[in-house]
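Each chain gets a letter, A, B and so on, in the order its sequence line appears, and its residues count up from 1. Remember, it's a predicted structure, so these values are computed and weren't measured experimentally.
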Protein chains: 2
Amino acid sequence: MAKSSSGTPSRERIVAGAADMISRRGLSATSIREMAKHAQAPLGSTYHYFPEGKQQLAAEAVRYTGEWVARSLRKELADGPAAGLSAFLALWRGIVVDTDFHAGCPVLAVAIEEPPADEVPPALAAAAEVFDQWEGLLADSLRAHGAGAEQAAQVATLIVAAVEGTVALCRAKRSTEPLDRTAAQLQALIDATIKH
Amino acid sequence: MAKSSSGTPSRERIVAGAADMISRRGLSATSIREMAKHAQAPLGSTYHYFPEGKQQLAAEAVRYTGEWVARSLRKELADGPAAGLSAFLALWRGIVVDTDFHAGCPVLAVAIEEPPADEVPPALAAAAEVFDQWEGLLADSLRAHGAGAEQAAQVATLIVAAVEGTVALCRAKRSTEPLDRTAAQLQALIDATIKH
DNA sequence: GGTAGACTATGACGGTCGTTATAGCCAGAG
DNA sequence: CTCTGGCTATAACGACCGTCATAGTCTACC
């Protein structure tokens with residue numbers, strides 16, 4: 001057993017690989033068989049580690065990405081909101097460029113999958129939590145640097161939404177120009193927000 | 001025959017229905033069989049009207065949505081960039097609310113599907129064109145109201161990206177609050193941009 | 001050495017996928 | 001009335017899907 005907090009290495013490989021594949025093709029286009037193969041794990045193992053099936057695996061992949069981004073965000077926000085935004089932008093730019101515009105954000109990919117009627121699948125709930133987490137980190141930093149609570153919340157939401165949307169624009173256009181433009185405007189917005 | 005510019009009514013029903021379904025579930029999760037059934041058309045008809053198959057149908061659905069939004073945008077931008085933004089926001093809010101957070105933007109949905117290696121599928125190319133079109137309309141209006149070319153382009157990209165991202169946030173959270181927050185910030189940004 | 005339990009291997013279940021082929025219907029032109 | 005051509009009906013192709021069941025392997029502890 002020895003249930004370490006990060007789980008078996010093989011288990012974590014599956015989750016990380018799933019996050020990568022979902023960020024490229026979306027959840028429904030990513031099969032469990034492919035996720036297993038991509039992580040060099042047998043298909044049976046996925047149902048051993050994730051007995052609730054695909055939704056559980058997707059939810060963990062979303063949270064995995066969420067925590068990975070949040071770690072970077074927490075670290076860089078120590079130098080202020082502008083530094084945090086720069087890191088946030090650089091992180092996504094790296095993913096988009098390194099994959100030749102093939103990958104994006106798995107959280108966004110999961111967020112736009114239609115849920116069954118009268119139900120909220122675990123992966124979608126996880127996506128909502130991750131967005132909240134990112135917004136919270138940004139808003140906290142803005143408030144710590146003099147922004148009002150309302151203003152901070154609005155700017156934080158705008159940043160997360162704009163960056164997610166911009167990554168999608170970059171993928172469609174196969175260009176990083178949208179990221180450059182969004183970066184310029186958001187940086188100016190942060191300056192204006194914390195200087196007020 | 002009688003090839004009208006808008007095509008046979010049945011053909012247009014298929015395209016419109018496809019746009020709706022793609023906006024809910026994404027492209028790969030939407031089967032041609034379901035699109036046909038949703039439009040009350042036989043499966044054979046889809047391959048009659050769209051001989052290139054799913055990609056052609058998806059591309060047309062993307063352009064259909066693009067033109068629909070552009071029409072609203074053109075009309076409201078006559079009253080200035082702020083009015084255009086309001087219409088843009090209201091349009092997406094309507095979709096999200098009317099579908100109980102089940103539908104979003106089909107253009108975004110198509111934009112985040114991974115293309116095959118060394119290839120740009122028609123639907124993805126159409127998504128890029130639609131984003132360009134929307135940005136162009138907004139940027140033109142901003143420049144017509146005194147914004148510099150660079151500033152106008154940056155703000156236009158930010159608006160499109162932010163609204164697309166915000167719609168996804170709303171779906172994940174099952175709340176329109178992100179749209180409220182983004183709206184407030186973008187309106188302020190437009191005011192500052194054209195007043196400068 | 002034995003035994004429990006974590007993991008793997010294998011194969012199957014019913015179902016849906018995109019696409020194609022073929023034969024048929026049926027309005028309108030001659 | 002015949003015939004053409006746009007549209008439909010039906011069935012099939014191989015491939016893949018999520019999930020489950022079962023039997024097997026291997027490792028760590030008693």
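We find that CZ of Arg25(B) is positioned 16 Å from C1' of dC17(D), with the value rounded to whole Å. Between the P atom of dC17(C) and the NZ atom of Lys54(B) lies a distance of 9 Å, rounded to the nearest Å. Rounded to an integer number of Å, the gap from CD1 of Ile32(A) to P of dG18(D) is 5 Å. Atom-to-atom, CD of Glu12(A) to C1' of dC7(C) comes out at 18 Å; the value is rounded to the nearest Å. Distance, Leu57(A) CG to dC17(D) C1': 15 Å, rounded to whole Å. The interatomic distance linking Phe50(A) (CZ) with dC20(D) (P) rounds to 15 Å, in whole Å. Regarding Arg13(A), its CZ atom lies at a distance of 13 Å from the C1' atom of dC7(C), rounded to whole Å. Atom CG in Leu43(B) sits roughly 13 Å away from atom C1' in dC7(D) (whole-Å rounding).
When each of dG18(C), dC7(C), dT19(D) is scored by its nearest atom to the side-chain atoms of His48(A), the top-ranked nucleotide is dC7(C). Comparing dC7(D), dT19(D), dT19(C) by their closest approach to the side chain of Tyr49(B) singles out dC7(D).
Comment: Glu60(A) engages Arg11(A) in a salt bridge, judged by a side-chain N to carboxylate O separation of less than 4.0 angstrom. Residues Arg171(B) and Glu113(A) are not paired through a salt bridge, judged by the lack of any N-O separation under 4.0 Å between the basic side chain and the carboxylate. Ion pairing of Arg74(B) with Asp140(B) is absent here, as no side-chain N (NZ or NE/NH1/NH2) approaches a carboxylate O to less than 4.0 Å. Under 4.0 Å is where a charged nitrogen must lie from a carboxylate oxygen, and between Glu67(A) and Arg63(A) no such pair does. By the 4.0 Å N-to-carboxylate-O rule, Glu34(B) lies close enough to Arg25(B) to be salt-bridged with it.
Of the residues near DNA chain D, Leu27(A) and Gly44(A), the one whose nearest nucleotide (by heavy atom distance) lies more toward the 5' end is Leu27(A).
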I'd like a table of donor-acceptor pairs (distance under 3.5 Å, sequence neighbours excluded) in which one partner is a side-chain atom from residues 99-110 of chain B, with atom names and distances.
| unit_1 | atom_1 | unit_2 | atom_2 | d |
| --- | --- | --- | --- | --- |
| Thr99(B) | OG1 | Ile95(B) | O | 2.8 |
| Thr99(B) | OG1 | Val96(B) | O | 3.4 |
| Thr99(B) | OG1 | His102(B) | N | 3.3 |
| Thr99(B) | OG1 | Ala103(B) | N | 3.0 |
| Asp100(B) | OD1 | Arg174(B) | NH2 | 3.3 |
| Asp100(B) | OD2 | Arg174(B) | NH2 | 3.3 |
| His102(B) | ND1 | Glu114(A) | OE2 | 3.2 |

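Using a 4.0 Å cut-off, no side-chain N or O of Ser31(A) falls inside it from OP1 or OP2 of dC16(D).
Backbone-only contact: Thr30(A) has heavy atoms under 4.0 Å from sugar-phosphate atoms and none from a base.
Residues from residues 33-42 of chain B lying near DNA chain C, meaning a heavy-atom separation below 4.0 Å, are Arg33(B), Glu34(B) in numerical order.
Rounded to the nearest 0.5 angstrom, His38(B) NE2 and Asp20(B) CG are separated by 5.0 Å.
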